[in-house]
Amino acid sequence: MLDLLGYAAFFGTTALTYAIMCLGLNVQWGQTGLFNVGIAGFAAIGAYTSAILTTPPTQAHLGGFALPIVAGLIGAAAAAGLASLLVGALTLRLRSDYLAITTFGVAVVVQLTCLNVQGVTGGPFGIGFIPRPFGGFADRPGAFAALQFLGMVVLTVALFLALERLAQSPWGRVLRAIREDETAAAALGKNATAYRLQAFALGGAVIGLGGALQAHAIGFIAPDNYLPALTFQIWTMLIIGGSGNNAGAIIGAVLIWGLWSGSGAALTAIFPPELQARAASLQVVAIGIILCAILVLRPRGLFGERTAVSRHVDGLETNPSTALAEQDSAPRAL
Amino acid sequence: MSLQFLVDGTVAGATIGLGAIGVTLTYSILRFANFAHGEFIAWGAYATLAASAAMGLLVGHATPPLGPFSFTWLTLCAAVIAMGFTGGLALGLDWLLFRRLRDKGESIIAIMASFGASMALRSLLEALFTAQPTYFTRALQIARPLGFGLRATPNQMVLVVLAGLLMIGVHLFMTRTATGRGMRAVSENPTLARVAGIDVTRVIRITWMIGGALACASGVVVGLLVQVRPFMGFDLLLPLFAAAILGGIGSVPGAVVGGFTVGLAEAAAVAFVGAQWRGAVAFAVLIAVLLVKPAGLFGRRA
Amino acid sequence: MSLPAPATALLVAEAVTAGYDPDLPIVRGASLRVAPGEILAVLGPNGAGKSTFIKALAGIVPIGSGHVLLGDHDITHVAPHLRPRMGLAFVPQTENVFGTLSVTDNLKIAGDALADRTVAASRMAEMFDAFPDLAHARALQAGRLSGGQRQMLAVARALIGRPRVLMLDEPSAGLSPKLVSEVFRRLDRIRESGVAIVLVEQNVRAALALADRALVLVEGLNRHEGLARSMADDPVVAELYLGIHRRAAEALV
């Protein structure tokens, strides 16, 4: 019984680390309409930064600097935020798809770096002995897991409240205006690119924080944790939860992580070992199909966005029919 | 300093160029970056394997390799069949998925859907054929001297030539035929194209067919020269995008030049920096283009 | 509000509603008729829906209700790319040529829509005869042409299919007065060959000088219709039309 509760607490902790990455993505995509295909890369930056800052000194990788976990988390958010700032500064003034392609490339390069720069990242062996919060309770597994879970709950709720407040603030309203209608935002005299950049950096920092929290929850990281599959998972969580909706982002993360680990466990139980790899692939196929189906059938997700939303700006730019909107005097695109 | 990397880079450039033509055409005509394009490469390679195995059964006896090459005429026939199949696969994916999102005018959602479709298609290959690599042939080929200290295998030489012919063919198609003109017109201005009497739906269908078929050809080249595995296309995706953007979105010659540039840069990095950094080269090229000339070499706007 | 409807209307639009959002139509029940060899000017203040109306007739803005007849055919829901073949050509206001394609390719694209290759080739030769400026620039990218040359190329492209009805969206926009009169002289000659012309214009004086009849749209509906000559001097129309403009001008200041 205690085992089961402990497992449930561990499941909850992991699910909430995904929820935090999801909240970060929601700032970028849901609130600003920026398309990040390199979530795994930004999560890896956060995870490795925090791991290097907080692990005890070792020969296996850079550091460790044995700093408190809080310092590691702050460093993680700062590093991932800075990386996002750089990527955004380069691509946000270009076509929207270039951001997608560039972030995809960032994830590839970050993963390669984790794998190849052994002196800093530990190479293929990754980084172990990452301190876990409430380490003083490590000899009482039940309490340890429960405390970790409670800590994550408190953190997630705090982040949720902060992001909700931000979304309702003038800053959040400008972001929404920019996403809804680029010309209106420009007419307001707001520098749309600067706002987008801020949102992209903030979202990236939150994703990095999520990556770091996951590293501290599990205690061990390796380059294989940060393959494109992670990006795909986070996207699916947000899309199913409903982009633009912070509560939906959290629910989507818990739901999809439950579905993912639940079906994974079921496959292990049902299929003989020699078929399990294939069955696991079919699991990814199913999630991919679900993602596509949601995008086609219910693009606002299961829980949707509370405020009414029209089309995204990027859609307008490329939609041949709306590019012809009536303006009798101004020059227009046809 | 060995110049052998020029040969390796040319071979890699041919595969990247073939794939990048499809990326640049779908990007400019359908107006979204298709993250599932790499899967057409992998599916094309597996389809060729399957078709040549099936034809092998029909023929009933082993066919001898063609001349100095390690493949048979069956492989070539299978590749042609598989090119049609992969074009159909691209068309089917459009019908199932992208068409519905296009109707709603949501191009950014289409990118996301292509990412989901890419995961699903690749994992389906893993489920069907496992993640283990497989080979068209295990025959070893002796590299022959080309002069200047360069060496290439007969397979490498003939496949680069075939890839080059395909590229020239597509270029002539785009510049000399009514359909090609229509494709260029839709890529510039779909609404004006409709007003001018072009059937945009048909142009979109042909674009998918060409993109899928060329991706399959690229997959066959990789498969014959390296190996076939489910991730083979996904690993090429970043080089494809880098090549298409370097050449300028919408430009077929640009995609080819971009493909050879990225291929040569990758081979140079493998020779002089280390094979483990090969995957970062395309990213470096991409960033350089975005910093210096985001519209690309032959592009019209960024 | 007299309706001097031509007896043999070639293009007829009746009670058309159209717009990008079906719940907010911009054109809210507009009608028009135009006969062979006749020029109809569609006028109206900014945002009246003139441009949307003509695009709806070209098939590139969805029509909610009402119907459009070309000769005996109901073309309300015919795909836009089939309309040139049926004899209905449209010249959009801006970006009305393919800037990255050569002048020749721009014309060939219109020719590609014709069934017969040799006919397409001879029509293109005709166009080069009629527009010597284009003949000299045939290998040039259309994006490098001057504003006036582009307008000519756009018109030539539309004429390749030998349309029965030619619709133009503000052909005078962005052109110097000299070029405007050149373009309008061309339109007059095209009309003389029996083509029906629908012209959306902001340049009211020039349009009324050229047109046979005029139609004033306000808020997506027919407000006034009549002979162009009488309309030019009609104080009611001038007040209605220019008054709205004056108010709009004041609002901008």
Side-chain angles (χ1 to χ4, degrees), chain B residues 24-25 27-31 99 102-107 170-207 244 247-255 295-302, chain C residues 20-21 54-62 78-102 104-115 117 120-121 141-144 150 153-154 156-163 166-169:
Chain B
T24 210
L25 288 180
Y27 197 152
S28 65
I29 289 171
L30 293 129
R31 279 146 214 271
R99 177 180 59 102
R102 192 162 54 240
D103 290 348
K104 295 185 200 164
E106 313 230 34
S107 80
V170 174
H171 178 66
L172 291 177
F173 177 80
M174 292 295 291
T175 49
R176 304 287 162 87
T177 67
T179 307
R181 264 194 298 278
M183 289 170 70
R184 286 186 292 146
V186 175
S187 126
E188 181 183 326
N189 187 337
T191 309
L192 181 59
R194 289 194 294 165
V195 168
I198 293 168
D199 183 350
V200 174
T201 316
R202 179 172 162 272
V203 162
I204 287 173
R205 275 202 304 270
I206 290 167
T207 304
I249 294 299
S251 164
V252 170
L297 297 174
F298 305 95
R300 40 178 197 274
R301 56 177 191 237
Chain C
Y20 303 97
D21 184 344
I54 199 172
K55 284 176 192 159
L57 300 184
I60 52 179
V61 170
V78 167
H81 70 270
L82 298 174
R83 296 182 189 214
R85 250 162 277 189
M86 303 174 76
L88 179 67
F90 174 52
V91 178
Q93 185 196 346
T94 51
E95 290 183 36
N96 49 20
V97 298
F98 296 104
T100 57
L101 271 58
S102 70
T104 306
D105 277 353
N106 266 276
L107 294 178
K108 273 188 180 169
I109 278 177
D112 292 338
L114 303 176
R117 282 287 158 84
Q141 277 200 333
R144 296 171 176 265
R150 281 188 202 214
L153 176 58
R157 198 259 305 139
L159 291 179
I160 288 243
R162 289 262 169 93
L166 175 63
M167 304 192 296
L168 302 101
D169 191 359

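Scope of the values below: all heavy atoms of this structure, side chains included, with no hydrogens, waters or symmetry mates. Just so it is clear: chains get the letters A, B, ... in the order the sequence lines come, proteins before strands, and each one is counted from 1.
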Task: Interatomic spacing from OG1 in B/Thr177 to CG in C/Asp112 - rounded to 0.5 Å - done: 8.5 Å
Open item on the list: Please give me the minimum heavy-atom distance between C/Leu101 and B/Arg181, naming the atom from each residue.
Closed with: CD2-O, 4.3 Å
Open item on the list: Closer than 3.5 angstrom, by distance alone: can the side chain of B/Glu188 be matched with the main-chain N or O of C/Thr100 as a donor-acceptor pair?
Closed with: yes
TODO: Could you check which of C/Gly59, C/Ala158, C/Gly111, C/Gly99 has the highest count of heavy-atom pairs closer than 4.5 Å to chain B?
DONE: C/Gly99
Open item on the list: I'd like to verify something: which residue of C/Val91, C/Ile109, C/Ile160 has the highest number of heavy-atom pairs under 4.5 Å with chain B?
Closed with: C/Ile109
TODO: Search all heavy atoms of B/Val195 against all heavy atoms of C/Phe90 and return the closest pair with its distance.
DONE: CG1-O, 3.3 Å
TODO: Would you please name every residue forming a side chain to side chain contact (heavy atoms under 4.5 Å, CB included) with C/Arg85, sequence neighbours left out?
DONE: C/His81, C/Leu82, C/Ala113
TODO: Would you mind reporting whether B/Arg184 and C/Asp105 have side-chain heavy atoms less than 4.5 Å apart?
DONE: yes
Task: Any residue meeting side chain to side chain contact (heavy atoms under 4.5 Å, CB included) with C/Pro84, in chain and number order, not counting sequence neighbours - done: none
Open item on the list: Does any backbone or side-chain atom of C/Arg83 lie under 4.5 Å from a heavy atom of chain B? Answer side chain, backbone, both or neither.
Closed with: neither
